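These notes are about the structure you will find just below.
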Number of protein chains: 2
Amino acid sequence: MTARRHDPDRRDRIIDAALAVIAEGGVAGTSHRRVADRAGVPLGSMTYHFTSMEELLHESFTRFAERISERFAARLSAVSNPSQLASAIVDLVHSDLVEGPDDLVLTLELYTLAARKPAFRQITHDWMRRSRDVLEQHVDAKTAHKLDALIEGLFIHVSLDATPHGRDVTRDAVLRFLSS
Amino acid sequence: MTARRHDPDRRDRIIDAALAVIAEGGVAGTSHRRVADRAGVPLGSMTYHFTSMEELLHESFTRFAERISERFAARLSAVSNPSQLASAIVDLVHSDLVEGPDDLVLTLELYTLAARKPAFRQITHDWMRRSRDVLEQHVDAKTAHKLDALIEGLFIHVSLDATPHGRDVTRDAVLRFLSS
DNA sequence: GGAGGATGTGTACGTTCGTACATATCGACA
DNA sequence: TGTCGATATGTACGAACGTACACATCCTCC
């Protein structure tokens, strides 16, 4: 009812700061103190708002996955034919990456966590389901499955391979799944 | 010329121990002490054989990537037609994973490191080039590129998605790239 | 306006860490 | 056999960590 003593989005800022710190130094290099410094809050605030580091990481990655999903949906909602869909996907794979290398790092950090801790796997599950839902607005379910995996692999290989991956190769790969 | 004071594969054992520790607790949870305990060597041995943690990680992941590459090559060297190739790839994506979940964890830990530190990207570069070389024994270069990325994406999605990925869907996806 | 609960903070404790380095052990060779 | 590098180890130090918790601050309601 009344204004909180301090900013009510203190928690939000901590989560955003956590994502920035993770992108910079990885989960390995993330500590309460570093996140607190980045968010401009006292150390005590960390344990007050989050009972453990794991809870903070979980909430941070949940927010991250939702953001990426929203962008994915926004990019693909505008297309109306297979050719446009292919172009949109090629853009996602080749351009988004250049804009935000942090996204690659955060994605991989999340996958790594999910591979080891089941608690984080729910985040990847939901993320992948949302991606498929978006793709299923344009293609059938099985194709959506394949396309989603292909996009994942292309994104990683374009990012971590020295050999340049041409947009034409990516486009051709996508179109192979789109043709009936 | 003469036998070393101690076992000459002390270094090797440390590297293997490091991989075990990384698989268990991630790069984040890897320390000199833990690796030393696992390898059965004194703490002093760590800094003696490796000037830094980063050097140990680099050598460990190099060895890991080479091992996976060898297995990949062994699996694919025996095939002689597209159908067999598809079956071999489906096996790689669906079965290897069940055998060794550690491989997934280590792969993702490496990718995460590579995404942030260029020094580790050389390892992924070499790994991906070796994979393509193997694939190019069966298909043309562009197809090898696409297939390699597809395998990557399928592997990750089969591992981190709750929705089951049928082998038939994987096989169909692979065959789409194999058909001329 | 004062009591008391909710909200937020500063600090201190015990642990673990990477690293340095003095010391110990051994093999090679005179 | 005795000496001298090379090889290897144990230990100690300062820094950073997660967490607990006593304390401060503020809002609400009587």
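All values below come from the heavy atoms of this structure, side chains included, with hydrogens, waters and symmetry mates left out. All figures in this text were calculated on a predicted structure; none of them were measured in a lab.
- Take Ser52(A) and apply the side-chain hydrogen bond (donor to acceptor under 3.5 Å, both in side chains) test, not counting sequence neighbours, and it matches no residue.
- Taking Arg130(A) as the reference, Ser69(A) meet the side-chain hydrogen bond (donor to acceptor under 3.5 Å, both in side chains) condition, with sequence neighbours excluded.
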Table please: side-chain donor-acceptor pairs of residues 14-29 of chain A below 3.5 Å, with sequence neighbours left out.
from: Asp16(A); atom 1: OD1; to: Arg63(A); atom 2: NH1; distance (Å): 3.3
from: Asp16(A); atom 1: OD1; to: Arg67(A); atom 2: NH2; distance (Å): 2.7
from: Glu24(A); atom 1: OE1; to: Arg38(A); atom 2: NH2; distance (Å): 2.5

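- Remark: Glu55(B) pairs with Thr51(B) by the side-chain hydrogen bond (donor to acceptor under 3.5 Å, both in side chains) rule, at least two apart or across chains.
- Considering only residues two or more places apart in sequence or on other chains, Glu70(A) meets the side-chain hydrogen bond (donor to acceptor under 3.5 Å, both in side chains) condition with none of them.
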A correct 5'-to-3' footprint of nucleotides 11-19 of chain D, with B, S and - meaning base, sugar-phosphate only and no protein heavy atom under 4.0 Å, is B-----BBB

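- For the pair Glu109(B) (side chain) and Val105(B) (backbone), a donor-acceptor distance under 3.5 Å is absent.
- Between Phe50(A) atom CZ and dT9(C) atom C1' the separation is 16 Å, expressed in whole Å.
- Counting to the nearest Å, the P atom of dT7(D) and the CG atom of Asp9(B) are 16 Å from each other.
- When the P atom of dA20(D) is taken as reference, atom NE2 of His49(A) falls 17 Å away, rounded to whole Å.
- Taking atom CD1 of residue Ile14(A) and atom P of nucleotide dT7(C), one finds them 15 Å apart after rounding to whole Å.
- Distance, Leu56(B) CG to dC17(C) P: 14 Å, rounded to whole Å.
- Rounded to an integer number of Å, the gap from CE of Met46(A) to P of dT7(C) is 19 Å.
- Counting to the nearest Å, the C1' atom of dT25(C) and the OH atom of Tyr48(B) are 12 Å from each other.
- Considering only side-chain N and O atoms, Ser45(A) lies under 4.0 angstrom from the phosphate OP1 or OP2 of dT9(C).
- Arg10(A) has its CZ atom 13 Å from the P atom of dC26(D), to the nearest Å.
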